[in-house]
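Below you'll find the structure, written out as structure tokens, and then a few comments.
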Amino acid sequence: MVLPDFLQPRPEAPVEVRAPTAAALPLVCDSPHSGTAYPADFGHVVPLSLLRRGEDTHIHTLWQEAPAHGATLIAATFPRTYIDPNRSEFDIDPAMLAGDWPGPLAPGEKTRQGLGLVWACINKDGVATPLYDRRLTVAEVQGRIANYWRPYHAALQQAIDTSVQRFGGVWHLNLHSMPSDVYRRLGRTDAPPLADFVLGDRDGTTCAPEFIHLIGDTLRGFGYSVACNEPYKGVELIGRIGQPQRGRHSLQIEIRRPVYMDEDTREPNAGFAPLQQHLDRLLGVVAGYVRAQRTA
């Protein structure tokens, strides 16, 4: 398979960290699913055009002004279909493996859908297509964890810990995009129209209520529709980081992909530039809120 130049495997780090370019705030933004550097040992058997439906394409670019507001911006360079940073290290389907895993596994609901730590399938229009025509060796899955998953988590954890140590707390935005057919994928026939933005705080457990309300109200003020915890509540990363009782606030933000790009070609559409400008303004609002919380 010949990949386009921008998708050729590159000898770069698995995670990109952009430090604040303005006065640093305890604000950390991460994009775990926007990577497009497909590793040479992936071994998938589906067309790249289908595989790319797993990407949160362009998300780190949409939020690229975060460092100018005092935030640290972290982005994976590898694709989530290869290994997903927003899953537990033990969220593995043993049926995918060619041998026995040397330790306990804890496959969850996403794994049962084929979307665990290592994806088993890709979905389009409600049809799931297997990514592989083989079982994966234990060694290759362990290599993906060691060389991609753990470096991403280490970089994110360092940013979180640095903010907590320096400022006594942290506000974390976990950044994603969502496909327009998400309800079909979930088998939902009674679902409401998919909102432009879905904010997830795991049903009020990962951040202060005023934080999610601030972001939701600001986005509605720009003219977008916003839903909370429907259909996404947040998964591994905000569940681990969000401890509002300890001053650690974590919120997942999902953007409906047609708002900013063509889902088939992955190319930005006419909504991309206006959305990027609105997210820049939203970051300004969030930065102001974080500053006020620090002095309260």
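In this structure, Val28 is not a member of the same hydrophobic cluster as Val235, with clusters built from ILVMFWY side-chain heavy atoms closer than 4.5 Å.
Enclosure of atom CG in Asp203 by more than 12 non-hydrogen atoms of other residues, nucleotides or ligands within 6.0 angstrom is indicated. With a 6.0 Å radius and a threshold of 12 heavy atoms from other residues, nucleotides or ligands, Gln158 has its CD atom at or below the threshold.
Contact annotation: the side chain of Arg257 never approaches that of Ile255 to less than 4.5 Å [non-hydrogen atoms, C-beta and beyond]. In this structure the side chain of Asn86 reaches within 4.5 angstrom of the side chain of Leu237, judged on heavy atoms. Two residues are said to be in side-chain contact when any heavy atoms from C-beta on lie closer than 4.5 Å; Asp84 and His33 meet this criterion. Counting heavy atoms from C-beta on, the side chains of Ile59 and Tyr260 come closer than 4.5 Å.
For Arg87 (side chain) and Lys110 (main-chain N/O), no donor-acceptor pair under 3.5 Å exists by modelled atom type. Not a single donor-acceptor pair under 3.5 Å links the side chain of Arg150 to the backbone N or O of Asn147. The main-chain N or O of Pro85 is found under 3.5 Å from a side-chain atom of His153 such that the two form a donor-acceptor pair. The closest donor-acceptor contact from the side chain of Thr77 to the backbone of Pro14 lies under 3.5 Å.
For the 3.5 Å distance criterion, the side chains of Asp93 and Thr111 fail to qualify, holding no donor opposite an acceptor. Residues Asp41 and Tyr82 have side chains that bring a donor and an acceptor to within less than 3.5 angstrom of each other.
With Phe78 as reference, Tyr148 is the one residue of Phe42, Tyr148, Trp149 to meet the ring pair (Phe, Tyr, Trp, His ring centres under 6.0 Å) rule.
Counting only residues at least two apart or on different chains, the salt bridge (charged side-chain N to carboxylate O under 4.0 Å, His left out) pairs with a member in residues 237-256 are Asp196-Arg256. Residue pairs satisfying the salt bridge (charged side-chain N to carboxylate O under 4.0 Å, His left out) criterion with at least one member in residues 214-231, sequence neighbours excluded, are listed as follows: Arg188-Glu230, Asp217-Arg220. For residues 180-200, the pairs satisfying ring pair (Phe, Tyr, Trp, His ring centres under 6.0 Å) are Phe197-Tyr224, with sequence neighbours left out.
Residues passing the side-chain hydrogen bond (donor to acceptor under 3.5 Å, both in side chains) test with Asp264, sequence neighbours excluded: none. With sequence neighbours excluded, the residues forming a side-chain hydrogen bond (donor to acceptor under 3.5 Å, both in side chains) with Asn229 are Asp201, listed by chain and number. Listed by chain and residue number, nothing satisfies the side-chain hydrogen bond (donor to acceptor under 3.5 Å, both in side chains) test with Gln245 (two or more places apart in sequence, or in another chain).
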